[in-house]
Each structure stands twice: as C-alpha cells, then as structure tokens.
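Convention: sequence-line order gives letters A, B, ...; per-chain numbering from 1.
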Amino acid sequence: MIDLKRLRSEPAAVRAALARRGDAGLGRTLDEVLSLDAERRVILAAVETQKASRNTASQEVARRKKNGESADDLLADLKQSGDEVKRLDQQVREIDTRLDALLLTLPNLPHPDTPEGGPEANRVIRTWGNPSEPTEGCRPHWEIGEALGLLDLPRGAKVAGSGFPVFRGTGARLVRALANFMLELHTGEHGYEEVIPPYLVNQTSLRGTGQFPKFTDEVYKIGDDELYLIPTAEVPVTNLHRDEMLNEGDLPLAYVAFTPCFRREAGAHGKDTRGLIRVHQFDKVELVRLVRPEDSEADHQLLTAHAETVLQRLELPYRVLELAAGDTGFSAARTYDLELWAPGVGAWLEASSASTFTDFQARRAGLRYRPAPGAKPEFVHTLNASGVAFPRTIAALLEVHQQPDGSVRIPDALIPFFGRELIEPLS
RNA sequence: GGAGCGGUGGCAGAGUUGGUCGAAUGCGCCCGACUUGAAAUCGGGUAGGCCCGCGAGGGUCUCGUGGGUUCGAAUCCCACCCGCUCCGCCA
C-alpha cells in the first residue's frame, strides 16, 4: 500500500515513480484515488461537524436527565441530526471501500536507482564463478536425474499432474541434505531464527504481502475453507507479526523457513517448463527480515549476500541482476535476482529473488514498531530473499558438477549433510 | 461437529440496571525529586487511526469484526471471526 498522505502532498513525484513501471493504467487509478480522496475529505468535514454538535447536545441531554429536567425539546433535533450523520457516514463508508480497493491494486514505488525500462533493462551487477560454455557431453538435469535415479517426473505427473516432481532415493536424500545445509548456514552463521509456519494461509495474510487482490490466479485455493496454499514462505512468515506493535529493540527480526511452495503458474505452460525449471510444487528456504526503515537499504545488501553464500558454498556460478523498474514485482521497491548458470540447458536460472518492500507490506499488514519509548509508531520495512529455491538449484548442481563418467560431484560444503562425495551412476 | 466461557490500551486486568468511560488499577516505559551513583520511595506523564491547522491546538472514530436499536452503546440485539475448557471424531 502506498502512502495516501504522500500521494496527496506530492502527487507528481508519486505519479512519476509509478510511471516507471510502464503500466499506463496506473495513472488513471491515481486520478481516481485522488478525486475520491478529495471527495471523502469534504464529506468527512461535514459529518464530523455534525457529530460535534450532536455530541454537545447529547451531553446536555445527559446533564438534564441527571437533574431530573426535561430534554424533550432537544430530542427531536437530535433525532434529525442522527439521521443526517448516518447518511453521511454511509457515504464516507462507500468511498472508503472504493478507495481501499483501488489502493490495494497500486504497486510499490520503484526505488529511484532501479534501471529505467522493462525486463530488457535488467542490469547485471556482478557475476561469481566461471559460467562454462555447454560442452559436448554436457547433459541437462532431467537426463542426469533420470540416469542416476534421482528424479521421477512421469510418476509425479501421474499422481498429481505435470509440474509435480518426485524426488526419490538419492534425489530425496539430496533435497534433505540441501535443506539442512541451508538451515544450518542461516541459523548458525547468519543469525536467523528458524520457523515452521502454516502452509495454508487466509486471505488477510495474502493481502498483507501483496499477492491479493491482484494475483489470485497464482495461488491454489482450498475452496471449502477459504484457505490458500502458500506460494512462498514469505506470506506466513511476514504475516507472523501482523497488527503487532514491536519495540525498537525487537528489530531487526530475521527468520528462516524451509517450506514447500505451491504455484499455479497459470498461463506459463510450454515455456521453460522442462524438468525442474518451472514446477507447481517446490521446496524453498526463505529468509525474511523486519527492520527499521533507516536500515533497510544496508539490510538488503546483507540479505542478498546471505543468499549468495549458499550458491558460493555449493560452488555454483551465478550472476546478480538488478531488476529494472518495469520488471520489479508488485510489492517490491528493489529486487536483486540471483541466477544460476545451468550449462546443461544453457540458460540462467533464477534461484533467488532478494527484495526490499520498504513500508509497502508493512502498511498492508500493520507491521509497526515504536522507534523509541513513548515515540509515535512507525511502519517497519520488510525484506525477503530465497535462500534458496530447490529445483533450479538442484538442476544447476547436477549440470555444473556432472562428471565425464556420468557421476555428480557433491560440493565440499554439502558433504557433511549428504554423507557422500559423489552420486554414482546406477549399476 | 456439539456445549459452555471469553475477546478491553505495550502487557495484565476492572468496567455490561445504556449517559462526563477512550476507559479504574497494576506492571512496563518517560520526565522530575531524593541519592556520590543505583535501587527503593514519592510526584507527574504515557493508546491508536483519521480530518482540519504553518503551529499551538481542535474535532472525530475505535473496547474482536460487521450490521442494528437509541438523542446517546465497551455496556442491549443480530451475524461472523478468533481463543480457552469439556464432549464427540481423529493422525
């Protein structure tokens, strides 16, 4: 949710910032918001004046009744005044409803430093490792996974549908090892508290992080109970402190959660969907931070570094992209994507997205803190990053570390969790 | 699923024969006094949102949520949500 007061006081700046997202419809929404807001304040002034005089007269009634005097002469006027209040209140309510609905559809303002333009303007800000050219015997992960007996895509499709992978045997063990490796890293070295949140959430939570009301198509719904499968742990974890008043000393809050994620990926079929590249269910370790506004830019760098550490320890070459204003997600102000190089498929695969949401989610979810004892409450800033998503990481891991003999080398950092140095071909 | 009880300020917890109740009291926190310093003690202060105002300040709304009754609702009525206890069912 953008700040209505700011929109009112500097409409041109807000309009210019939103325009950078490249959606012409946003300007019209702004116009409507502004005009509804103006209308609302006129009616509000009227109804509050009316209420003020009603309250005064009402107190007079109370005083007289207490003294046993008659107040009948006031009651008729008050009745009329009450009806007028009710009428105006109703108008304000209607405007509020429309205003809220519009405000909920407006995306966050992009950070001023984000590149101008759409996806083509995304900027590579650094690359780590040596992305190798695809070589002769270099196979894609689905072939490796099948050959080594790690993956069973056909049976996943049978049981649930396309995009629901089955990891089996050593593959399942690899998933478990990765989960433990990442959780140990983030809880031990990076100072995150591990949480296991609900995997189903209500609509209020989805509105808090920004998936609702605009992106209902992306989320699986459990119709009978009005619950939704989480598309990312960001949703339950960010909402942990919804409508709470935090103390300055509580911040920063840093949570790490290993959860499955469920995404409908409506309309995405046929594009980049082979193997593990785009699936409906996947595991992810997610990092979520609630911080003081003045810390959020530095924290964004820190958070990104935490996610990068995972890839570095797994010895997987990657690049960091700063997303352009037009490609930055709805709730985010600034996002760094971490893309793994997958030599088998010859493509960069997004394994993490590290974003700062400034106060956008905090406004929607009521995440506030008191900067100092006795001070006015302020909204926190929220940030999150995948640390990291499993399927594409596994894809890159298989493709990068595949050996000429068909085996896959396990990177040193993972060996203690995996228990072996090599995944051998099936005999 | 059934029955009962309950949802009040940062926290705990009064208040339900409708009217100076946005709300006692305690804790916490802030300021001050006492003290070499601290503790203890004493005095004072301390909810949030919205609107108007340069400001000082003023107005209004909020006692789970949404409606209703009424001149007036934390208090009465209706619906819903959530929590606790017991029963039923169940991994």
Side-chain angles (χ1 to χ4, degrees), chain A residues 1-10 33-104 196-208 212 222-228 236 239-251 253 290 292 359 362-380:
Chain A
M1 190 102 83
I2 64 167
D3 182 1
L4 183 55
K5 283 182 191 164
R6 175 159 176 223
L7 172 62
R8 202 145 64 205
S9 64
E10 37 188 294
V33 166
L34 251 9
S35 101
L36 277 175
D37 177 54
E39 189 185 350
R40 175 180 183 274
R41 281 180 294 146
V42 169
I43 300 174
L44 203 58
V47 70
E48 289 197 355
T49 306
Q50 187 75 247
K51 281 177 178 173
S53 68
R54 180 198 62 182
N55 289 347
T56 309
S58 224
Q59 299 217 345
E60 174 65 13
V61 171
R63 196 159 22 243
R64 288 201 202 170
K65 293 234 163 157
K66 202 172 177 183
N67 297 334
E69 301 166 20
S70 164
D72 293 350
D73 55 319
L74 292 172
L75 294 188
D77 275 359
L78 275 170
K79 172 72 179 160
Q80 197 178 359
S81 169
D83 291 345
E84 177 67 2
V85 164
K86 205 163 284 183
R87 192 180 65 80
L88 292 170
D89 265 344
Q90 181 59 30
Q91 287 185 27
V92 172
R93 257 200 305 278
E94 280 167 17
I95 290 175
D96 278 345
T97 303
R98 287 160 63 196
L99 201 51
D100 284 347
L102 287 173
L103 247 18
L104 283 172
I196 300 178
Y199 302 156
L200 275 74
V201 293
N202 55 35
Q203 205 163 309
T204 309
S205 293
L206 285 159
R207 192 188 318 119
F212 271 29
I222 312 296
D224 288 346
D225 295 298
E226 281 290 328
L227 288 169
Y228 303 82
N239 276 281
L240 243 29
H241 296 284
R242 168 148 48 83
D243 294 328
E244 287 184 17
M245 182 72 71
L246 300 165
N247 291 315
E248 201 258 357
D250 297 333
L251 303 178
L253 285 165
L290 272 57
R292 302 186 304 172
D359 61 357
R363 283 178 190 283
R364 293 179 157 235
L367 299 168
R368 296 185 299 169
Y369 81 110
R370 221 178 269 287
K376 278 274 176 199
E378 278 184 33
F379 290 108
V380 304

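Atom P of B:rG66 sits at a distance of 15 Å from the matching atom of B:rG9, rounded to the whole Å. Look at the P atom in both B:rC61 and B:rA56: the space between them is 23 Å, to the nearest Å. Of the C1' atoms belonging to B:rG1 and B:rU20, the separation is 48 Å, rounded to the nearest Å. Between B:rG22 and B:rA79, the distance separating the two C1' atoms is 26 Å to the nearest Å. Rounded to a whole angstrom, the distance from the P atom of B:rU65 to that of B:rU70 is 23 Å. Rounded to whole Å, the P atom of B:rA23 lies 13 Å from the corresponding atom of B:rG45. Using atom C1' as the reference point in both B:rU75 and B:rA24, the two lie 16 Å apart (nearest Å). The separation of B:rA14 from B:rG6, taken at their P atoms, amounts to 11 Å, rounded to a whole angstrom.
When the P atom of B:rC61 is taken as reference, atom CG of A:Asp96 falls 15 Å away, rounded to whole Å. In this structure, the CG atom of A:Asn247 is 19 Å from the P atom of B:rC27, given to the nearest Å. With rounding to whole Å, A:Asp243 atom CG is found 15 Å from B:rG7 atom C1'. To the nearest angstrom, C1' of B:rC61 lies 16 Å from NZ of A:Lys86. Computed from coordinates, the A:Met245 CE to B:rG9 C1' distance equals 10 Å when rounded to whole Å. Regarding A:Leu44, its CG atom lies at a distance of 8 Å from the P atom of B:rC52, rounded to whole Å. Between A:Arg368 atom CZ and B:rG49 atom C1' the separation is 8 Å, expressed in whole Å. What separates CG of A:Leu227 from P of B:rC82 is a distance of 9 Å, to the nearest Å.
Between B:rC52 and A:Arg40, no contact under 4.0 Å exists linking OP1 or OP2 to a side-chain N or O. For A:Arg41 and B:rC52, the shortest distance from a side-chain N or O to OP1 or OP2 is below 4.0 Å. Taking 4.0 angstrom as the limit, A:Lys376 places a side-chain polar atom (N or O) nearer than this to OP1 or OP2 of B:rG49.
With a 6.0 Å radius and a threshold of 12 heavy atoms from other residues, nucleotides or ligands, A:Arg242 has its CZ atom above the threshold. The number of heavy atoms from other shown groups lying within 6.0 Å of CD1 (A:Ile196) does not exceed 12.
When each of A:Arg93 and A:Lys5 is assigned the nucleotide of RNA chain B bearing its nearest heavy atom, the one mapping closer to the 5' terminus is A:Lys5. Residue whose closest nucleotide on RNA chain B sits further toward the 5' end, between A:Val47 and A:Pro377: A:Pro377.
Using the Watson-Crick or G-U wobble rule with both distances under 3.5 Å, B:rG88 pairs with nothing in any strand shown. As the counterpart of B:rG18, no nucleotide is assigned, since no Watson-Crick or G-U wobble pattern has both distances under 3.5 Å. The partner of B:rG55 is absent, by the rule that a Watson-Crick or G-U pair needs both atom distances under 3.5 Å. When Watson-Crick and G-U wobble pairs are counted only if both distances are under 3.5 Å, B:rG32 pairs with B:rC42. In this structure, B:rG6 and B:rC82 make a Watson-Crick or G-U wobble pair, each of the two defining distances being under 3.5 angstrom. Nucleotide B:rA47 is matched to B:rU62 when pairs are restricted to Watson-Crick or G-U wobble geometry with both distances under 3.5 angstrom.
With sequence neighbours left out, A:Glu48 forms a side-chain hydrogen bond (donor to acceptor under 3.5 Å, both in side chains) with no residue at all.
A:Tyr228 places a side-chain heavy atom less than 4.5 Å from the side chain of A:Phe212. Looking at heavy atoms from C-beta onward, A:Val85 lies in side-chain contact with A:Arg54 at the 4.5 angstrom threshold. The shortest distance between side-chain heavy atoms of A:Arg364 and A:Leu104 falls below 4.5 Å. Side-chain atoms of A:Asn202 and A:Glu226, non-hydrogen and from C-beta on, never get closer than 4.5 Å to each other.
Checking B:rG67, B:rG48, B:rC51 against the side-chain heavy atoms of A:Arg370 singles out B:rG48 as nearest. The A:Ser58 side chain lies nearest to B:rG72 when the options are B:rC61, B:rC51, B:rG72.
As judged by a 4.0 angstrom heavy-atom cut-off over every strand, A:Asn55 is placed among residues touching the sugar-phosphate backbone only. Within 4.0 Å (heavy atoms only), A:Ala45 reaches no atom of the nucleic acid at all.
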